[in-house]
Amino acid sequence: MDLAGLTLKILNASAAIDYGRKGFATRGKAEEGRISYETGIDWALSVFKDASNFRFASTIDPQAIILIEYTFLNQELQFCDETDTDSLSSLKKAIESFDDAFLVLKIADDKDSYKIVDQSYPQDSKYRVSLFPKDSFHIACNAHKTRLRNILRSPGIDPIEKALLKQRLANLSTAQKGYIEKQKKALAI
């Protein structure tokens, strides 16, 4: 499936999940809600798995992975109740982090520009990932992995939703590996 198809599928999946969650809370709609929720989770899991295998020129495409995550987060934000200020804040922060990650992805395509980025980061290991700058791409992925781990620790998470969260978590590590390959190419290492 192409990237546009994956994006459309994740939009549909998140809408089904939201409809299902709202159905749980509506008298007489619990069964319909459960079906929609499970269907949406299944679709989303499929999309996240497909995104983790998305290749560009035979290497992992980190942009595809974070685009799917970004799209899912934006949908969650749209469906989030406006009184849930903690979730709204967390989602907005994640989206902003990925906005920064998209910018550095463009810079990493330009070898001359990325060499300047590399020189601007200290050589200390706390500012590096596998010898490469821990730039906004890595920062966004690491922060979001922490967010997902915190959600996974919450009691009462449905097992099918846990599977989805674990896949999303794995995708971020895969995206970082793909991005490190991009950094290697940009720095000719």
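Everything numeric here is computed off the predicted structure, so don't read it as measured data.
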For the pair S14 (side chain) and L11 (backbone), establish whether a donor and an acceptor sit closer than 3.5 Å, ignoring hydrogens and angles.
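Side chain of S14 to backbone of L11: a pair is present.
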
Tell me if a side-chain donor or acceptor on S154 pairs with a main-chain N or O of I151 at a distance below 3.5 Å.
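Flag set: sc S154 to bb I151 pair under 3.5 Å.
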
Name all residues meeting the side-chain contact (heavy atoms from CB on, under 4.5 Å) criterion together with [X]; count only those two or more places apart in sequence or in a different chain, and write none if there are none.
| X | value |
| --- | --- |
| S90 | R147 |
| S173 | K145 |
| A175 | P62, I65, I66, F137 |
| D110 | D112, S113 |

Atom NE2 of H144 and atom CZ of R168: how far apart are they, to the nearest 0.5 Å?
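With rounding to 0.5 Å, NE2 (H144) is 4.5 Å from CZ (R168).
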
Pairs meeting criterion salt bridge (Lys or Arg N to Asp or Glu O under 4.0 Å) with involvement of [range], two or more places apart:
| range | value |
| --- | --- |
| residues 25-37 | K29-E32, R34-E38, R34-D158 |
| residues 169-184 | D109-K182, E181-K184 |
| residues 119-130 | D118-R128 |

Contacts of type ring-ring contact (aromatic ring centres under 6.0 Å, His included), residue F72, not counting sequence neighbours:
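Applying ring-ring contact (aromatic ring centres under 6.0 Å, His included) to F72 gives F48.
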
Can a donor-acceptor pair be found between the side chains of Q75 and D18 at a distance below 3.5 Å?
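No, D18 and Q75 have no side-chain donor paired with an acceptor closer than 3.5 Å.
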
Pair up each side-chain donor or acceptor in residues 94-104 with any protein partner under 3.5 Å, not counting sequence neighbours, and list the distances.
unit_1 : atom_1 : unit_2 : atom_2 : d
S97    : OG     : K93    : O      : 3.1
D99    : OD1    : Y70    : OH     : 2.6

Partner set under side chain to side chain donor-acceptor pair (under 3.5 Å) for Q167, not counting sequence neighbours
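Here the qualifying residues are N171.
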
Non-neighbouring partners of N74 that pass side chain to side chain donor-acceptor pair (under 3.5 Å), sequence neighbours left out:
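Checked N74 against side chain to side chain donor-acceptor pair (under 3.5 Å); zero matches.
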
Once ring pair (Phe, Tyr, Trp, His ring centres under 6.0 Å) is applied, what residue pairs with a partner in residues 8-28 remain, sequence neighbours excluded?
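Found F24-Y37.
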
Indicate if I160 and L165 have the same hydrophobic cluster label, given that clusters are the connected sets of ILVMFWY residues with side-chain heavy-atom separations under 4.5 angstrom.
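Yes, one cluster joins them.
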
